[in-house]
Amino acid sequence: QVQLRESGGGLVQAGGSLRLSCAASGRTFRNYAMGWFRQAPGKEREFLTAINWSGSRTYYADSVKGRFTISRDNAENTLYLQMNSLKPEDTAVYYCAADRDDSITYKNRYDYRYDYWGQGTQVTVSS
């Protein structure tokens, strides 16, 4: 089992940037592919991006491609999400998730693919 804890959320003005972190503990972090999702009030959870175990492959939803960047530091057991050019519609609770399969496919856009989830961190973008 792996435990995940997100941090780095907060309030930012439109056009600004934030970097989210997801600290992992428990089983070996490098064994997992990882993903970021978000959920806005009244909406379904939305896939944002995924990364394979080594960081050599990434996959982005069209809604964030070119603005968000996923990365990982296996030595520090940490996943990151760099978010630039933030918009009010990016306001949501952001979640990291771990997939026991260390590679990624198109299936990583679906939340059922993931085995472990963090508790989420709130991101609010003001206009």
>> Are Thr121 and Val93 packed together at the side-chain level, in the sense that at least one heavy-atom pair is separated by less than 4.5 angstrom?
In response: no

> Between Arg67 and Asp90, is there a side-chain N and carboxylate O pair less than 4.0 Å apart?
Replying inline: yes

> Got a donor-acceptor contact below 3.5 angstrom from the Thr91 side chain to the Val125 backbone?
Replying inline: yes

> Taking atom OH of Tyr94 and atom SG of Cys22, what is their separation to the nearest 0.5 Å?
Replying inline: 15.0 Å

>> Restricting to non-hydrogen atoms, name the atom on Ile104 and the atom on Ala33 that form the minimum distance, rounded to 0.1 Å.
In response: CG2-CB, 3.7 Å

> When rounded to the nearest 0.5 angstrom, what is the spacing between CG in Asn77 and CD in Gln3?
Replying inline: 11.5 Å

>> Please report the interatomic distance CG(Leu18) to CD(Gln82), rounded to the nearest 0.5 Å.
In response: 8.5 Å

>> Is it the case that the side chain of Thr78 and the backbone of Glu76 share a donor-acceptor pair, with hydrogens and angles ignored and the cut-off at 3.5 Å?
In response: yes

> Which atoms form the tightest heavy-atom contact between Tyr116 and Val2, and what is the distance?
Replying inline: CD1-CG1, 3.2 Å

> Does the side chain of Asp111 reach to within under 4.5 Å of the side chain of Tyr95, using non-hydrogen atoms?
Replying inline: no

> Of all heavy-atom pairs between Ala40 and Ala92, which one has the smallest distance, and what is that distance?
Replying inline: N-CB, 3.8 Å

>> Quick check on ring-ring contact (aromatic ring centres under 6.0 Å, His included): which of Tyr114, Tyr59, Trp36, Tyr106 does Phe47 satisfy it with?
In response: Tyr59

> Looking only at heavy atoms, what is the nearest atom pair of Ser127 and Ala14, with distance?
Replying inline: CA-CB, 4.4 Å

> Linking I/L/V/M/F/W/Y whenever their side-chain heavy atoms sit closer than 4.5 Å, directly or via other members, would Leu79 and Trp53 fall into one cluster?
Replying inline: no

>> Evaluate Ile51 against Thr58 for side-chain contact (heavy atoms from CB on, under 4.5 Å), listing each step before the verdict.
In response: CA-CA 4 Å; Ile51 190 168; Thr58 57; 3.8 Å; yes

>> Under the criterion side-chain contact (heavy atoms from CB on, under 4.5 Å), I'd like the reasoning laid out for Asn74 against Arg72: C-alpha separation, chi angles, the key distance, then a yes or no.
In response: CA-CA 6 Å; Asn74 287 342; Arg72 65 191 296 163; 2.8 Å; yes

> Going from CZ on Arg38 to SG on Cys96, what distance comes out if it is rounded to the nearest 0.5 angstrom?
Replying inline: 15.5 Å

> Among the clusters formed by ILVMFWY side chains lying less than 4.5 Å apart, do Trp117 and Tyr110 turn up in the same one?
Replying inline: yes

> Do Phe37 and Leu48 sit in the same hydrophobic cluster, where Ile, Leu, Val, Met, Phe, Trp and Tyr count as joined when their side-chain heavy atoms come under 4.5 Å apart?
Replying inline: no

>> For the backbone of Gly120 and the side chain of Glu6, can you confirm whether one donor and one acceptor N or O come within less than 3.5 Å of each other?
In response: yes

> Are Phe68 and Leu81 side-chain neighbours, meaning at least one heavy-atom pair lies under 4.5 Å?
Replying inline: yes

> Think Arg19 forms a cation-pi with Tyr80, using NZ or CZ under 6.0 Å from the six-ring centre and within 45 degrees of its axis?
Replying inline: yes

>> Counting only heavy atoms from other residues, nucleotides and ligands, does the tally under 6.0 Å from CZ of Arg5 exceed 12?
In response: no

> How far does CZ of Arg109 sit from CD of Glu46, to the nearest 0.5 angstrom?
Replying inline: 9.0 Å

> Is the shortest heavy-atom distance from the side chain of Leu4 to the side chain of Met34 under 4.5 Å?
Replying inline: yes

> Quick one: do the Ser103 and Asn52 side chains pair a donor with an acceptor below 3.5 Å?
Replying inline: no

>> Can you confirm whether Leu20 sits close enough to Val123 that some side-chain heavy atom of one is under 4.5 Å from a side-chain heavy atom of the other?
In response: yes

> Quick one: CG on Asp99 to OG1 on Thr105, what's the gap to the nearest 0.5 Å?
Replying inline: 8.0 Å

